[in-house]
Amino acid sequence: MALASAATDSPIQTTSETNDNNLQTFFVLHKASSRKSEKRSTGTGKTRRRIDLSPSSPKKTDKSEAERAEEWDERRYEHLRMEAFELVWSRIDLTIKDVLRGINTNVLNEIHSWVCESFNAIKSFGTLGFAEATRSFPIVAAATCKRLFTGLILTKNMEFVDDLLTFEELGLSLRSHGCHVANLSSMDFSAKNGIGGCLRGFLRQFLTTTLDAADISILASWYREQDNHDSPVVVIIDDMERCCGSVLSDFILMLSEWVLKIPIIILMGVSTTLDAPRNILPSNVLQRLCPSKFILGSPAERMDAVVEAVLVKQCSGFSVGHRAAVFLRNYFLNQDGTLTSFIRALKIACAQHFSMEPLSFILGDLLVEEKQKGEKICLLPEVILKHASQLPSYVRNQMADQTAKSLVHGFSELKRLQKCWSIVVLCLYEAGKCNKIRLLDLLCEALDPDLYISRASNNHVELDKDSGLGMASDRCKRRKYSTFQKGGIISQIVRKVRDLPAVMLYQLLKSWENITVDILEIHEKLKELQSVLRFEDGKLKQNVDDISKRHSSWSPLNIEKDSKAINEKAATLLDCLVRDYLRPMECIPLHEIVCFKNVEKLQLALIGDPRRRIQVDLLEFYKILQCSCCSKSGNVLLPSMHDTSVISGTW
Amino acid sequence: MDIDNGVEEEEEEEFGFSRNYFLAKELGGSGKKSACKLSDIDLVDEQELRAAASNIEPKHEKEVVALMNSYRILYPKWVFELRCGFGLLMYGFGSKKALIEDFASTALTEYCVFVINGYLQSINIKQVAISLAEVLWDQLKTKLATTSGNLPKVQQPFSSRSMDDLLAFLNGSQAQDKDCFICVVIHNIDGPGLRDSETQQYLAQIAACSCIRVVASIDHVNAPLLWDKKMVHTQFNWCWYHVPTFAPYRVEGMFFPLILAHGNTTQSAKTAAIVLQSLTPNAQSVFRVLAEYQLAHPDEEGMPINNLYTICRERFLVSSQVTLNSHLTEFKDHELVKTKRHSDGQDCLHIPLMTEALEKLLMEIRQ
C-alpha cells in the first residue's frame, strides 16, 4: 500500500524486492549506516560532563538552513536527554540492587556459613585416595553418607520473577567465597529436557568442553584432577515447585550416590511453604535430603525499601507526580503484584519523561556535578532559558526576574524543598511502622497537591502562588491535627503517636533525630523537644528544674499526665512538620523538569489489553480513521464501513 | 479521588462490556438457526475468487494513508525507547507490516535491521539464531576493522553450534557500545510458526541479549498468554503501542484459505505448496510418497501408516518410526494430512485435496 507523501517524507513503496522478502522466513532489511561524528555530543560517557550548547553554526538568513540547524540541535538535545536518562536510570538501578542486596545480606551470610559447615561434615565422612576418587562409579557407602545437605530458601513469593536477582546474587556471593556454583532453573528440570538434558546443563556450567554424553563421572574427574577439591559444589535450583518431580527426583538420587566423591550441596528456592518438597518428591528421595531452612525478606519489606530509596529519598533526583504514584500503586496491586513490574513501570515512566520533556537533560547534570550546576545553567542558551521560564509552575510563581540566576535559585529551592518533604515522609513512615503502614500508600498521600493546598488554606496560610511556605509556627500552636484528610494515612499516623508507649516513643524520637540531621531547622525543632525530655525507668519524663515541682511530679497520676503530655508534644511536632514541610513536588516551581506526570501515556505503554482494544477499534473505527462517511451513523451499519467492522457489528 | 473514580469507571465499563458479551451469547443461542451452509453455495474456482478479491477497492484508502502518516511523529519516541532498552509491541487492527518497515527504514538507519516474518507457517528458530549470530559477527568485524582493533580469531561456524552457544554469543560482551544494537523486527510474533512455547522462550532469550532490540507486532487477541512475567518484564521488556492501521492483511493472510473457498476443511493447492516449500526435502519426499499412493489408489480411504513407513525406510527417507511421526505431526499441524481409522483398525493417512489439486501440487514441489 502506497502512502501519501508529506512535503519532505517519501512514500512507502512496495518494491519487488520487498515482495520477495514477504515469503522469506527472515532477511536483513538494511545494515547499519556509518555514524556521523557530529551526531554525537562532545566527548563520550564519563568524560563528557559539560553542557556545550553554544550555537556552533553562524546564524543563517536562509530558512531551510536555520531549520536544519535547529533540527541538528534537537538531535543534540535528544542525545543529551538520552545520556541523562542513562545516568539517572543507572543510579536508580544501582540503588535498587544495593537495597535488595542489603535486605538479603544476613540470609546470604547465613547460607554461606551453613554451606561451609555442610562441606566440613561431608569431608568428615572420610578422605578418598586418588584411585578411589577417580573411578568412574560412585563409592558404596552407608545410607547416612548418601544424604545431600539441602538448603530450602523460602521466598514467600508466588511470582518467581522477583527472586531472580536474589538467586543470581547468591550464586555470585558463594563463588566469591570460592565455591563451585551451578545455577539451574526450573526449565532445566522440565519433562521435555529429561534427566539427560538436565545433567548436560549442570555439567556445562563447570566443563568448557562440549559433551557428547552427559555423565556425572566426568564431573568427579574434573573435581579431583583440577585441584578443585578444596571447595564444595553448590547447586542452586531457583524454583523447585516449577520443576518436573520425576526429573528432580532422578537428579537428587544421582547426586546423593556421588556425594562422597563430589561434595554437592543443594540450595532450592521454595515459594509456598517449607513443606512443599513433600508434594513434589517421593519419600525415597526425601530421605536422601538433609534439609535446613532459610527465609528471605518479605515482598512487602522489599517494596518499602525500594520506594524509600528511589521515590522518597530520590537517589537520582527523578520523581513522579501524585497521579503517577497512585497509578503505579494500583498497577502493582491490581495487575501484577511483583516488584519487578513496579520497577519496570518506573523505568518506562523515566524513559517517557526524558523522551517527552525537552528540559529533562538538565536533571542529568544536576545529578552529577552539584557544585557546578549554577555555572552550567548560566551557560544555557537563551532559547532553553526561555523555555524553562515558560514552564507552568514557574509562570504561576510569577518571579519577576526570569534569568539564569533566578533559575539557579529555583533549582536550589526545588532541591531544598524536596529534601524537607522527604524527611517528613520518612518521619511519618517511622511513626507508622508500628501500625504496618505501607510506604507506597503513604507516598501517594504525601504527593497529593490537593491535600497540600487544603492544608494550607485551612490554616489561612498564604500560598503566594506556590512560592513560599506559610508562617505555620504560630498556626500550629492554635490548631491541632485539623488539616489532614479525614481517615487519611497521615492523620492516622499522627493520632497514633499520641497513643504510643513510652519506650516506642523514645525510639521514635531517636530515629527522627537521625533522619532530620541534614535539615537544621527541622533538627532544631526536634532537639528542642528532646531537650525537655529524659528517659528513666522505662518512662519518658519531662525535665523539671524546680525541686518542688519535681516532687509533685512523682505521683503516679502526674507521671501518667506527664507521659500523655509528651506524646501530645511529639504529635504536635509531627503535625507542624507536615504542615510546614510536606510540600509535594507538583507544588514546587520547575518541577516539570524532574517530575513525571503523564499517567495516560504510562498506562498505555504498560497495559496493552489487545482483546478489548481490537474490538473497540472495529466498533469505533470512525474515531480513529476520522472519516466523514461513517462518523454520523452511530450503531447503524453502512456500506462504507470497514468490512470487518460490519461483521463485528452484526454479532 | 479522581484516580479512584477513574478506576471505578473503567471497571464499570469493563463489567458492562462482559455483561453485553454474555447477553449476546444467550440471545444468539435462542433464535432459530438456518440449515444452509457455505458448502451449499455454488462457488467459483479459487483462482478466480482470489483475483476478484484482489480487485476489490479498499475502503477509506485516503484515511488509512493519513492514519499511517500520523504515526510518523511517534518514530523519534520509539527510537528513544529502543535505545533505553525496551522492546516495542505494536497491536491494533490492521496490518502493521508496512508501518514497522517504514519506521525501520527511516528512523533506524543507524542500526542493522533483521526481519522475521512470523506470519509464515513454519519458522526454524535455530536458523534465525544462526543468521542473527552471523549478522552480529559481520557487524563486529566491520567495527573492529574501522577502529583498527584486533580482529577476533576465526571461530567454529555458527551453523554447527548449539542453541545455547549461539545465545551465549549474542549475549556476549563483544558489543561494548551500548548504542550499537541489532533491531529484530518480528511481524506477528504470535503467528502460527512462532506460537509454541519453546520458540517463544528462545525469542525471549534472544530479546534479552544486550545487543538485540525487538520491535514486534501481534494480531491475536490472546497473544499476551504466550508470555510469563519473566519474559514480559525481564526479557522482552515490552512497551505496548496501540497503532491500528486498518490496512488489509494482504501478506499475512496469504497462507490462510479464503472463507469462501471450497469448504473450510480442504486446503487449497496453492497454500499447501507454499507450506511444503518451507519444509525440509525429506519431509517433502515423504509427502510425495503419500500423495502418489493416494493418486494410485483413489478408492481407498487412505494410506496405512505401516505401508508409508516401509516405503520411506526403503527409500532412506526416514531412519525410524520416530522420525516419520515427527514429519506426520508437522503435516497434521499444517492440515496437509488427516488421519482416519480404517475398517480393519489401522490408522490411515489421507490428503484432503482433490485429485487435480494434488497432481498440480506434486508438480510444483518437484520443481
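Quick note on labels: first sequence line is chain A, next is B, and so on, each numbered from 1.
For the set Gly85(B), Ser95(B), Cys239(B), Gly118(B), the count of heavy-atom pairs under 4.5 angstrom toward chain A peaks at Cys239(B). Contacts with chain A were tallied for His187(B), Lys229(B), Gln139(B); Lys229(B) has the most, counting heavy-atom pairs under 4.5 Å. The choice from Val115(B), Leu89(B), Ile116(B) that makes the most heavy-atom pairs within less than 4.5 Å of chain A is Val115(B). Across Ser162(B), Gly94(B), Pro244(B), the residue that shares the most heavy-atom pairs under 4.5 angstrom with chain A is Pro244(B). When each of Glu78(A), Arg613(A), Lys31(A) is checked for heavy-atom pairs under 4.5 Å with chain B, Arg613(A) comes out on top. Counting heavy-atom pairs under 4.5 Å between each of Asn237(B), Asn124(B), Thr245(B) and chain A puts Asn237(B) at the top.
Listed by chain and number, the residues in a side-chain contact (heavy atoms from CB on, under 4.5 Å) with Asp163(A) are Thr155(A), Asn157(A), Phe160(A), Thr166(A), Phe167(A), Leu296(A), Arg302(A) (sequence neighbours excluded). Partners of Tyr249(B) according to the side-chain hydrogen bond (donor to acceptor under 3.5 Å, both in side chains) rule, which considers only residues two or more places apart in sequence or in another chain, are Asp219(B).
For Ile624(A), the parts sitting under 4.5 Å from any heavy atom of chain B are the backbone and the side chain alike. In this structure, the portion of Thr338(A) lying under 4.5 Å from any heavy atom of chain B is its side chain and not its backbone. With a threshold of 4.5 angstrom between heavy atoms, Phe246(B) approaches chain A through its backbone and through its side chain. Proximity to chain A (any heavy atom under 4.5 Å) is shown, for Ile123(B), by both the backbone and the side chain. Heavy atoms of Ile218(B) lying under 4.5 Å from chain A belong exclusively to its side chain. For Ile343(A), no part lies near chain B; criterion is any non-hydrogen pair under 4.5 Å. For Leu625(A), the parts sitting under 4.5 Å from any heavy atom of chain B are the backbone and the side chain alike. Looking at Val128(B), the atoms closer than 4.5 Å to chain A (heavy atoms on both sides) sit in the backbone and in the side chain alike. Interface remark: Phe80(B) contributes backbone and side-chain atoms alike to the contact with chain A (heavy atom separation under 4.5 Å). For Val135(B), the part lying under 4.5 angstrom from a heavy atom of chain A is the side chain only. For Lys347(A), the parts lying near chain B are the backbone and the side chain together; criterion is any non-hydrogen pair under 4.5 Å. Heavy-atom distances place no part of Val185(B) under 4.5 Å from chain A, backbone and side chain included. For Glu252(B), no part lies near chain A; criterion is any non-hydrogen pair under 4.5 Å. Residue contact with chain A, scored on non-hydrogen atoms closer than 4.5 Å, involves the side chain of His242(B) exclusively.
Salt-bridge annotation for Lys192(A) and Glu198(B): present, with a side-chain N of the basic residue lying under 4.0 Å from a carboxylate O of the acidic one.
Side chain of Tyr241(B) to main chain of Ala605(A): no donor-acceptor pair is present (N/O by atom type, distance under 3.5 Å, no hydrogens or angles). Side chain of Arg344(A) to backbone of Trp238(B): a donor-acceptor contact under 3.5 angstrom is found.
The OG atom of Ser185(A) sits 5.5 Å away from the NZ atom of Lys230(B) when rounded to the nearest 0.5 Å. Residue Ser355(A) holds its OG atom at 5.5 Å from NZ of Lys77(B), rounded to the nearest 0.5 Å. Rounding to the nearest 0.5 Å places CZ of Phe354(A) at 9.0 Å from SG of Cys84(B). Taking OG from Ser70(B) and CD from Gln626(A), the interatomic distance works out to 9.0 Å, rounded to the nearest 0.5 Å. Going from atom OG1 of Thr25(A) over to atom CD of Gln121(B) covers 11.5 Å, rounded to the nearest 0.5 Å. The CD atom of Glu81(B) lies 9.0 Å from the CZ atom of Phe85(A); values are rounded to the nearest 0.5 Å.
Heavy-atom neighbours of Ile73(B) CD1 from other residues, nucleotides or ligands within 6.0 Å: at or below the threshold of 12.
Taking the side chain as every heavy atom from C-beta outward, Tyr111(B) and Ser33(A) never approach each other to under 4.5 Å.
Residue Ala104(B) comes nearest to His30(A) through the heavy atom pair O-CE1, 3.0 Å, listed as atom of the first residue, atom of the second, then distance. The minimum heavy-atom distance linking Pro610(A) with Val221(B) is given by the pair CG-O, 3.8 Å.
A distance below 6.0 Å separates the ring centres of Phe26(A) and Phe114(B).
Donor-acceptor pairing under 3.5 Å is recorded for the side chains of Asn22(A) and Lys97(B).
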